[in-house]
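Written below as structure tokens is the structure these notes are about.
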Amino acid sequence: MIRVEELSFKYAGAKEYSLRDISFRVKKGEFLGVLGASGSGKSTLCLTFNGIIPHSIRGDFEGNVFVKGYNTREASVAELSKIVGLVLQNPDSQLFNMTVEEEVAFALENLGLDVEEIKRRIHWALKITGLEGLEKEFPPNLSGGQKQRLVIASVLAVKPEVLVLDEPTSQLDPIGREQVLSLITLLNKEQGITIVLVEHNTEYLFDFADRIIVLDRGEVVMEGKPREVFEEADYLRKLGIKIPVSVKIGAELKRKGLLQKAALSDEELIEALNALLKS
Ligand code: ADP
Ligand code: MG
């Protein structure tokens, strides 16, 4: 679905490269988590998937990004946006219509769809994001979680095959965060949408990502299944990445010789602690 080949990028006027020789792939239906400290290049990478980099934001662009076989150097942002939907950190910066319904319709206006299809898609997108019944609501009146789900609804209505979400929950309260993360899981598991998610909530990535890449100063420094990545708890901490509490406790108990495996999900940790208490 996405193929990144030896990608490097330096913003126009910047001294240093923000992305350095990055290569990886994302399979159809896969859920890829992206981790990295602030400034490691996560947002820059997200902007390469729908061609905003290099088409709208310029700089030195080396290597290639392919989306469903299209080279992003050659395809336009408009074409790529039909395949890759991008959701950013702050929902307020992505909402500008008078009603919830118009917000979703707006995204569909340039696709040349007939009225019935537009209605069907609005209904589908609002239903799946749990916003049914709020059609006439003024977007600024929604809660943070609802706003971000509305951004996701307007992106989904275009029927992209990939959803790229750049820290979509960082400005939400715990309830909003939970709503948005469960929606992302549902879209991946039930709708088969390929997900690329930049997210600081590592507990969530541990549970739901198929694979994780870790960026440090523009380079991919780790890539693997969540368990493989979180096994390197000390290294992640050095990079400034928060690790799941269960993994921290698991690593500590392993160090003390009480457990054999280090990286553990909540469930496994509870099981291991129970076994430990019984022994
Ligand atoms: P992250 O999302 O991981 O915090 P970014 O992709 O935003 O990282 O930034 C990566 C690097 O690129 C940082 O050093 C940042 O200062 C730089 N950078 C980001 N945006 C721009 C820009 N528009 N112009 C110049 N440098 C930028
Ligand atoms: Mg960022």
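One-based numbering, in listed order, for ligands and for the atoms of each.
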- Would you call S40 a ligand 1 contact, heavy-atom distance under 4.0 Å? yes
- Query: Which ligand 1 atoms are under 4.0 Å away from a heavy-atom of S38?
  - Reply: 4 (O)
- Carboxylate-amine/guanidinium proximity below 4.0 Å for E116 and R120: no
- Can you say whether the rings of Y204 and F208 are parallel (under 30°), tilted (30 to 60°) or perpendicular (over 60°)? tilted
- Task: Just need the protein heavy atom nearest to atom 3 (O) of ligand 1, so name the residue and atom and give the distance.
- Result: K42 NZ, 2.7 Å
- Message: I want to check something: taking the side chain as every heavy atom from C-beta on, are H200 and L35 in contact at a cut-off of under 4.5 Å?
- Response: no
- Note on the structure: With L32 as partner, the option from V198, L197, V26 fulfilling side-chain contact (heavy atoms from CB on, under 4.5 Å) is V26
- Message: Return the closest protein heavy atom for atom 7 (O) of ligand 1 as residue, atom name and distance.
- Response: S43 CB, 3.8 Å
- Compare all side-chain heavy atoms of E6 with those of I22 and state whether any distance is below 4.5 angstrom. no
- So is G59 close enough to ligand 1, meaning a heavy atom under 4.0 angstrom away? no
- Nearest protein heavy atom under 4.0 Å from atom 16 (O) of ligand 1, yes or no: no
- Tell me: protein heavy atom nearest atom 12 (O) of ligand 1, and distance? S18 OG, 2.7 Å
- Message: I want to confirm something. Looking only at heavy atoms, which of G41, C46, G39 is nearest to atom 13 (C) of ligand 1?
- Response: G39
- Looking only at protein heavy atoms, which one is nearest to atom 6 (O) of ligand 1, and how far off is it? T44 OG1, 2.5 Å
- Task: Might you work through the side-chain hydrogen bond (donor to acceptor under 3.5 Å, both in side chains) test for Q148 and T169, ending with a clear yes or no?
- Result: CA-CA 8 Å; Q148 194 59 291; T169 71; over 6 Å; no
- Query: Of the backbone and side-chain N, O or S atoms of S43, does one lie nearer to the Mg ion (ligand 2) than 2.8 Å?
  - Reply: yes
- Side chain, backbone, both or neither: which part of A37 comes within less than 4.0 Å of ligand 1 when only heavy atoms are counted? backbone
- Return the residue, atom name and 0.1 Å-rounded distance of the protein heavy atom closest to atom 26 (N) of ligand 1. Y11 CD1, 3.3 Å
- Does any non-hydrogen side-chain atom of Y235 lie less than 4.5 Å from one of I241? no
- Message: Any non-hydrogen side-chain atom of I270 less than 4.5 Å from a side-chain atom of N274?
- Response: yes
